[in-house]
Amino acid sequence: MTFTHRHLLGIEHLRPEEIVTLLDRAEDYVDLNRAAEKHGDALAGLTQINMFFENSTRTQASFELAGKRLGADVMNMAMQASSITKGETLIDTAMTLNAMHPDLLVVRHPHSGAVDLLAQKVNCAVLNAGDGRHEHPTQALLDALTIRRAKGRLHRLSIAICGDIAHSRVARSNIILLGKMENRIRLIGPPTLMPSGISEFGVEVFDDMARGLEDVDVVMMLRLQRERMDGGFIPSEREYYHRFGLDADKLAHAKPDAIVMHPGPMNRGVEIDGTLADDINRSVIQDQVEMGVAVRMAAMDLLARNLRDVRGAA
Ligand code: NCD
């Protein structure tokens, strides 16, 4: 067994062989999810609680379905209606839930580091579903699975990540994962949306789409994360689209078989042309959603095995 973690908090903690183990397990679940009967029992008898302190459509639905398909009892906490709004701290809420003996806690939080902090206080497995601009490990893993299936490999590819890098936990987790798997990573975006110190990550940085996309295998677009911006990072959406929005003309600089990705939710006509996003010959955006369920099943399956091993040994 090459996956021995108690929690899934970030890609930063995973070794390349652990990433491969998780993706291989997810492949089995892709098949299960395409079958008429979608029931596994890897999480039978276990309780999964989803705590989303930020809005989410696909990630929350994906974790919920993943848990249900593997037989867990799944509860979604409505955090807007929770005691957090009455002043209770994150840790108090977590301790309260912990006393109800959950086995898997799936947490999304607007503050970087909040999920790690919570994981130190509870005795179940914690999965990070996105913390601030820090990490979003299951997104990077589902992106990796999508790339591996489309390109037949997950190494020695040239991959462009484009747009609002500075505010994106998706970009951060992907840069770490794709770097560990020995790919060439290019970041393309306006200098105002590049994080400081980015050169330490071993990436090439461009502020011009035509040059940055030259001969890449994968084009990963990002949403403009206005909720994390506190000022004028871009001149106007129109100007942004003109320079950085992906359309067929800009994509023509990439390899002829380059794939187009976006984690969603997407702003059509801001980051990406709507027709291109829907073009099933180029866009793998729907595959990303499909792979998301399988990857989350695999992640919870592996963590549950470790949980049972630890409890069995105690
Ligand atoms: C991403 C997120 O929440 O970080 N969305 C997602 O999980 N599918 C990206 C985004 O919100 O732009």
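Order of listing sets the numbers, starting from 1, for every ligand and every atom in it. Along the sequence shown, residues carry numbers from 1.
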Side-chain contact test, heavy atoms from C-beta onward, threshold under 4.5 Å: evaluate it for [X] versus [Y] and give yes or no.
X      : Y      : answer
Val284 : Arg149 : no
Leu276 : Ser283 : no
Val293 : Phe63  : no

Qualifying salt bridge (Lys or Arg N to Asp or Glu O under 4.0 Å) pairs with a residue from residues 56-69, counting only residues at least two apart or across chains
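For residues 56-69, and leaving out neighbouring residues, the salt bridge (Lys or Arg N to Asp or Glu O under 4.0 Å) pairs sorted by first residue read Glu64-Lys68.
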Ligand 1: which residues have a non-hydrogen atom closer than 4.0 Å?
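Answer by chain and number: Arg58, Thr59, Arg108, His136, Gln139, Arg169, Val170, Arg223, Gln225, Pro263, Gly264, Pro265.
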Glu17 CD: over 12 foreign heavy atoms closer than 6.0 Å:
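Enclosed.
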Donor-acceptor pair, side chain of Asp247 and main chain of Lys250, under 3.5 angstrom
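Answer holds: yes.
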